[in-house]
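Taking it in order: structure first as structure tokens, then the write-up.
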Amino acid sequence: MSVAVCVSVAVCTPEDRVPDPPAREEFISPDKTYVFEVSTPDAWKTRKSVGRLFEVAAGNRRLLWTRQLPHEWRPRFVMAGARGNVLLIDEWANITSRYALMLLDRENRVVAQHDFDAIQKVLAVPRAQIAQMGRHGVWIVKPPAWESPGSSVVIEAAGKVLRVNLADGSLSLAR
Amino acid sequence: MVLTLLFLVTSALPAVAATLALTIQPYQICDDDGTNCANSAKSLFEAEGDKIWAQAGIDLIFLPWITQNSSALNTLNMDTEFGGPAAGNIIRMLFVETITHCGGAGAGIFGCGYVDANGLAIADNVFSFNGGIGRLDTIAHELGHNLGLGHGDFGAGGALNLMTSGAVRTIPSSINDITPDGIGTDQLTQAQIDEATDSGFLEPVQEVPEPASALLLLSCLVPVAAFWRRNRSND
């Protein structure tokens, strides 16, 4: 019987652990008028994060709203839009998320929310194929990018490109 | 003639599959005064574990719970307080409130297990994970360590492999996403299966024939016996 490779002084005890995200991170809209901050209130002890949306004018930040985010740890990616809309993408935990996509508006309302099954429906490929190709969590192949800066986001998944409209959170295939 | 008939009948029956059993003793750890008991729901994710380890023909058998009061164990330093690998073939599985050390200090450890040796611990954060659904494969993952598998050997490393580290591994949100179904989490490579099934912790078990199989056998043997009796009376 071969012995597994393990770094330990006495006995090998590998752990099941997920590295914590940064304690605080900011996401700035393309026109730099909005900043969305994600942070942990308790050094990730509860694996929950708080989101804060700021409006920037004349170099000063004004807090628009604060809310606790439902994600495990926090969203994996965030895109802050030109009208104060904030797209929260996937979760830090590698799971088939209920919050695969969540769009919040400038008034702190949930405009749209899509789970992993909704993503699969638009991609129209088997679940296993999506997971086999995922590189950032379960379904995302490449980090999201602006298709139209501030108003629509594209995300590569399962050999296709998903488009998210930041006005209403609707999903479509870009290609 | 009779023997030939009997052979034909019995050889047509489905083979009784030989499987391997891994016997586990779960311990619920509480504080010294009997409060703050870990895993209050006494959840074992047994169906998920059985589905995962069925890939290797291994059945998980959990013995009745033992509750042990120990505040020290309930905030477990696996490196010094567990007592090292346990003796015997029954896996010692501790459910504790938190694990503070596991090959080093750290927060947010879900589970910890000795590699190719007896003993593992599961922390309470396993059960609050994913909005309370739970980290459904951590118990199966730690058992994999006990059976000799590491995070990066025998083909582990991909997001859909059971033994890949927690930073990369995809965690199922339901039993329907565990291989061979759904997104296909918690796969084992043939090399992992070969290594795990070579473990001394496993014991072969002979499956008890299911009632349907027994009835089928009976329904076949009765006519054979009748045929044999008629032939005998004709002699």
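Keep in mind it's a predicted model, so treat the numbers as computed, not measured. Every chain is numbered from 1, with letters handed out A, B, ... down the list of sequences. Worth knowing before you read on, the calculation uses all heavy atoms, side chains too, and leaves out hydrogens, waters and symmetry mates.
Using a 4.5 Å cut-off between heavy atoms, Gln132(A) touches chain B through backbone and side chain atoms alike. In this structure, the portion of Trp73(A) lying under 4.5 Å from any heavy atom of chain B is its side chain and not its backbone. Looking at Arg135(B), only its side chain comes within 4.5 Å of chain A, counting heavy atoms on both sides. In this structure, chain A has no heavy atom under 4.5 Å from any part of Thr185(B). Heavy-atom distances place the side chain of Asp177(B), and not its backbone, under 4.5 Å from chain A. If you measure heavy-atom distances from Arg98(A) to chain B, the contacts under 4.5 Å come from the side chain alone.
Within the structure, ring-ring contact (aromatic ring centres under 6.0 Å, His included) pairs that include any residue of residues 60-104 of chain B comprise Trp65(B)-Phe95(B), Phe82(B)-Tyr114(B) (at least two apart or interchain).
Contact tally against chain A (heavy-atom pairs below 4.5 Å) for Gly131(B), Gly113(B), Gly108(B), Gly184(B): the top residue is Gly113(B). Residue with the most contacts toward chain B among Ser97(A), Pro70(A), Ala128(A): Ala128(A) (heavy-atom pairs, distance under 4.5 Å). The residue among Asp194(B), Asn130(B), Thr138(B) with the most heavy atom pairs within less than 4.5 Å of chain A is Asn130(B). The most heavy-atom pairs under 4.5 Å with chain B, out of Glu72(A), Arg135(A), Glu91(A), His71(A), come from Glu72(A). With chain B as partner, the option from Ile130(A), Asn94(A), Ile95(A), Asp16(A) having the largest number of non-hydrogen pairs under 4.5 angstrom is Asp16(A). Of the listed residues (Ser128(B), Gly158(B), Ala123(B)), the one with the most heavy-atom contacts under 4.5 Å to chain A is Ser128(B).
Screening Arg24(A), Arg67(A), Arg74(A) against Glu37(A) for a salt bridge (charged side-chain N to carboxylate O under 4.0 Å, His left out) leaves a single residue, Arg24(A). The side chain to side chain contact (heavy atoms under 4.5 Å, CB included) test with Gln55(B) is passed by exactly one of Thr189(B), Thr179(B), Ile178(B): Thr179(B).
Classification of Asp117(A) and Arg127(A) as a salt-bridged pair holds, one side-chain N sitting under 4.0 Å from a carboxylate O. Salt bridge absent: Lys48(A) and Asp42(A) never bring a charged side-chain N and a carboxylate O closer than 4.0 Å. In this structure, Asp20(A) does not pair ionically with Arg47(A), as no charged nitrogen and carboxylate oxygen lie closer than 4.0 Å. Taking a cutoff of 4.0 Å between a charged side-chain nitrogen and a carboxylate oxygen, Glu55(A) and Arg61(A) do not qualify as a salt bridge.
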Trace of the ring-ring contact (aromatic ring centres under 6.0 Å, His included) decision for Phe110(B) with Phe129(B): CA-CA 9 Å; Phe110(B) 293 102; Phe129(B) 185 81; 5.5 Å; yes

Asn146(B) and Glu142(B): CA distance, side-chain angles, deciding distance, side-chain hydrogen bond (donor to acceptor under 3.5 Å, both in side chains) verdict: CA-CA 7 Å; Asn146(B) 290 172; Glu142(B) 300 305 336; over 6 Å; no

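Using a 4.5 Å cut-off on side-chain heavy atoms (C-beta onward), Leu120(B) and Cys112(B) make no contact.
Considering only residues two or more places apart in sequence or on other chains, Arg175(A) meets the side chain to side chain donor-acceptor pair (under 3.5 Å) condition with none of them.
Residues of residues 26-53 of chain B lying under 4.5 angstrom from chain A, judged on non-hydrogen atoms, do not exist. Within residues 159-168 of chain B, the residues having any heavy atom less than 4.5 Å from a heavy atom of chain A are, in residue-number order, Leu160(B), Gly166(B), Ala167(B), Val168(B).
Residue His141(B) comes nearest to His151(B) through the heavy atom pair NE2-NE2, 3.2 Å, listed as atom of the first residue, atom of the second, then distance. The two atoms that bring Arg17(A) and Ala107(B) nearest to each other are CD-O, 3.3 Å, heavy atoms only.
Residues His136(A) and Phe77(A) place their aromatic rings such that the two centres sit under 6.0 Å apart. You'll find the ring centres of Phe36(A) and Trp65(A) inside the 6.0 Å limit.
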